[in-house]
Protein chains: 2
Amino acid sequence: MALGKDYATQQCSIARALEVIGERWTLLVVRDAFYGVRRYNDFLGHLGIPRAVLAARLQSLTDAGVLARRRYQESPPRDEYVLTDSGRALWPTLRSLGLWGREHVEGTVPMRIFVHAPCGTELGAYGECPACATGVPLEDVEMRPGPGLDPDPEDPVSRALLAPRRLLEPLDPDRV
Amino acid sequence: MALGKDYATQQCSIARALEVIGERWTLLVVRDAFYGVRRYNDFLGHLGIPRAVLAARLQSLTDAGVLARRRYQESPPRDEYVLTDSGRALWPTLRSLGLWGREHVEGTVPMRIFVHAPCGTELGAYGECPACATGVPLEDVEMRPGPGLDPDPEDPVSRALLAPRRLLEPLDPDRV
DNA sequence: CCCAGTAGGTTCGATGACCGAACCTACTCG
DNA sequence: CGAGTAGGTTCGGTCATCGAACCTACTGGG
């Protein structure tokens, strides 16, 4: 969405949020970041997004402080994009959006399941653990493939994401 | 966002959700519906959205089952748009998005405050009540103006929304 | 009866975002 | 020295969005 054109005049926190993460593809980039994707080519392959659009989104998310760009190797210079604290704060939004999509758009076939790793219980609608009755830190969230997921995807990133993993755990699509 | 162009290939509930409510303006229309806005002209005035775009959004939200179109008067024929159960299920998403916008985009100036009416506690990130530790039915959510809100707005709908109100309570911008 | 006003749209040309493909740079490996 | 890879930028075409104008159906006032 992006255009502050009219959004800027809105006296509303939701509209302000949408100016940052409301454009096409933007929220999916953030989602991938939660899944552990960090590198340009991994986003590119996993999302099937045009290169120019990905570059623009990474730039605007970095400008907005949702992602941080970090040099992880000098020669040749290579950068990775990781979630900032501000970006991590988007988890409740993504969680509730995914839950809504699963229950109100498609045929109730879960794509991915998010559980409280220490106890193995699936997260509740509030991102809490129903069994432990506490909020769950991101590091304690384990994502597992659900029945709706293609068991033999094309791209390496999707294949790497088939295994159970913790949120934010860096992804290395080479070792699969 | 809308275009299933590539989103459709995504094995992900979040992407599916974004196909329905990810386009520009769409989520703001839904937000207004939570605030009690029901009529075409009220959406139009409050959002400052082009007429053609509003008509398209109302149509697609109705097709998706998020809103329902209801004839409330026969002569002349007049319709109103109200949230379905599916639409109401978007509340946690809107709540978390608004909270994120308030805390991570602008200068921490709350525009609107949402409280659990029976106990007066402000809602948490998923629309739950932290004090009562339960989900809050939408009818028990009271919205109040926050310090960031323009105290003397132009359009009648904004003016009507200045008073504390319950979510979903039908708005009548004529009596202000 | 005529006219102005209102609700709820549709149509239109211009602008701007998004798309896919091609190209570029810097470096490494064999 | 040539091929390959990561991480981009540039470019022309298409499609969504924009604001403004127009349309229809009805009501209420003089």
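It should be emphasised that the depicted structure is a prediction, and the values quoted were computed from it without experimental measurement. Order of the sequence lines fixes the chain letters, A, B, ..., with proteins taken first and strands second; residue numbering starts at 1 for each chain.
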Touch class at under 4.0 angstrom, heavy-atom based, for B/Y72 against every strand present: sugar-phosphate

Nearest-nucleotide pick for A/W25, side chain only, options being D/dT9, D/dT17, C/dC19: C/dC19

Residue-phosphate contact under 4.0 Å: B/Y40 side-chain N/O, C/dT10 OP1/OP2: no

Listed nucleotide nearest any side-chain atom of A/A55, set C/dG9, D/dT9, D/dT17: D/dT9

Ring centroid separation B/W91 to B/F114 under 6.0 Å: yes

Side-chain touch A/L138/A/R88, heavy atoms, less than 4.5 angstrom: yes

Where protein sits on nucleotides 21-30 of chain C, one letter per nucleotide: B base, S sugar-phosphate only, - none, heavy atoms under 4.0 Å: -B----SS--

Donor + acceptor pair across side chains of A/T62, A/R69 (<3.5 Å): no

Salt-bridge criterion met for B/R166 and B/E139 (N-O under 4.0 Å): no

Length of the line joining B/Q59:CD and D/dA16:C1', which is rounded to integer Å: 17 Å

Test item: side-chain donor near acceptor, B/H46 and B/D155, under 3.5 Å: no

Between D/dC18 (P) and B/I49 (CD1): distance, integer Å: 7 Å

B/N41 or B/A56, whichever maps to the more 5' nucleotide of DNA chain C: B/N41

Atom-pair distance (CD on B/Q73; C1' on C/dA7), nearest Å: 9 Å

Phosphate contact (C/dC19 OP1 or OP2) by A/R24 side-chain N/O below 4.0 Å: yes

Whole angstrom value for the distance that separates C1' of D/dA6 from CD of A/E80: 13 Å

Rounded distance in Å - CZ (A/F43) to P (D/dA6): 15 Å

Presence of A/R69 side-chain N/O under 4.0 Å of D/dG8 phosphate oxygens OP1/OP2: yes

Contacts of type side-chain contact (heavy atoms from CB on, under 4.5 Å), residue A/P76, not counting sequence neighbours: A/Q73, A/R78

Interatomic distance, A/L54 CG vs D/dG8 P [rounded to whole Å]: 8 Å

Between C1' of D/dA6 and OH of A/Y81, the distance in whole Å: 11 Å

Ion pair A/R16/B/E103, N-O distance below 4.0 Å: no

Rounded interatomic separation in angstrom, taking CG from B/L44 and P from C/dT6: 14 Å

